[in-house]
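Model, not experiment: these values are computed from the prediction. Start at 1 and go down the list; that is how both ligands and their atoms are numbered.
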Amino acid sequence: MSTSEPTISIRDFCKSYGEDIAADHISFEIPAGRILGLIGPNGAGKTTTMRALTGIIPSSGGTLNVCGYSIDENPLEVKQRTAYVPDDPRLFNDLTVREHFAFTAGIYNVDQWHERMLELAARFDLTEKLDARAADLSRGMRQKLAICCAYLYEPRALLLDEPMTGLDPRGIRMLKNSIVEQAERGAAVIISSHLLAMVEDICNHVLILEKGRTRFHGSLEELRAEFAGNQSDTTLEDIFFKTVESTPVPIVDLPPTASGPFVTG
Ligand code: ATP
């Protein structure tokens, strides 16, 4: 791969389920070191795009490449360089946390993984759970373990589908910092999320999808210039509602909360 070639390149990606079109000629590129926020209403085609890029589902048309390799023609080359963490990670329930690291290190040929496992486990508060079975982890811990396994082999393309789901506030901050670090070490990152403030915090670019079609693709500055007259105080959430064709949701003024102790019963 030449250095100028983007790490992730998707051209005219289409996916149909019978009559339903889940992705309609989606195209974008992500160079090394950049973070793309993939946003859009439920059913927009975000998960479909990530699953097709990793070969979990076949595309109906277009090309999907990682590091110059096509998922159709060189699926192994793509999979060796890519990590996909879905929002409901499938773990091996009877394997321990430590065994998940060992298994991942084995299939991705990671040397010196033990030290790296200890670092990641400490960072994501999993040290005390190294010998626990995946079946006995909480939802947030399962999510953290899947993310740690993805980080273990330092993928060139990192795809995170709703990665904050189930994480506590400390976990969310830790994850945000770690995603930025992954980009700094040269990964091209896609984050699909409905948490628009988080996307605004850490993404360089956004791709807004709606019903399988691209509504916008560009930097946050370009997004503001196009939809908010360059007003820097306009949030991504404000712009999101201007961009997608949904019925406006009013902001309701909530009554002031009563002070004093909670009363139950
Ligand atoms: P969400 O925000 O709810 O996760 P999404 O943007 O990730 O949504 P997708 O899961 O990509 O949306 O779904 C895009 C469209 O494809 C939807 O209309 C969905 O019903 C359809 N779809 C997804 N998977 C299948 C499937 N296996 N069979 C049929 N239709 C599917």
Cation over ring face, Lys15 and Phe13, 6.0 Å, 45°: no
Which ligand 1 atoms does His194 reach within 4.0 Å, using its non-hydrogen atoms? 2 (O)
Looking at Ala22, Gly18, Ala23, Pro86, the heavy atom closest to atom 15 (C) of ligand 1 belongs to Ala22
Mutual orientation of the aromatic rings belonging to His217 and His205 [parallel < 30°, tilted 30-60°, perpendicular > 60°]: tilted
State the atoms of ligand 1, each with its element, that fall below the 4.0 Å cut-off from a heavy-atom position in Ala44. 5 (P), 6 (O), 12 (O)
May I ask which of Thr47, Leu209, Ile39 has a heavy atom nearer to atom 7 (O) of ligand 1 than the others do? Thr47
Protein non-hydrogen atoms only, distance under 4.0 Å: does atom 5 (P) of ligand 1 have such a neighbour? yes
I need the nearest protein heavy-atom contact for atom 11 (O) of ligand 1: residue, atom name and distance, please. Thr48 OG1, 2.5 Å
Quick test: of every protein heavy atom, which one is nearest to atom 14 (C) of ligand 1, and how far off is it to 0.1 Å? Gly43 O, 3.4 Å
Ignoring hydrogens and angles, tell me if any N or O in the side chain of Ser60 forms a donor-acceptor pair with the backbone of Ser16 under 3.5 Å. yes
Backbone of Asn74 reached by a side-chain donor or acceptor of Glu77 within 3.5 Å: no
Protein contact for atom 29 (C) of ligand 1 (heavy atom, distance under 4.0 Å): yes
Using a 4.5 Å cut-off on heavy atoms from C-beta on, say whether the side chain of Asp72 contacts that of Ser59. yes
Closest to atom 27 (N) of ligand 1 among protein heavy atoms sits Tyr17 CE2, 3.7 Å
Kindly say whether Met174 contributes a backbone atom to a donor-acceptor pair with the side chain of Asn177 at under 3.5 angstrom? no
May I ask you to identify the nearest protein heavy atom to atom 3 (O) of ligand 1, giving residue, atom name and distance to one decimal place in Å? Asn42 ND2, 2.9 Å
What do we get for Lys15 next to ligand 1 when only non-hydrogen atoms under 4.0 Å count, side chain, backbone, both or neither? neither
Is ligand 1 less than 4.0 angstrom away from at least one heavy atom of Gly40? no
Under 3.5 Å: donor-acceptor pair, side chain of Arg116, backbone of Gln112: no
Are the side chain of His25 and the backbone of Cys14 linked by a donor-acceptor contact shorter than 3.5 Å? no
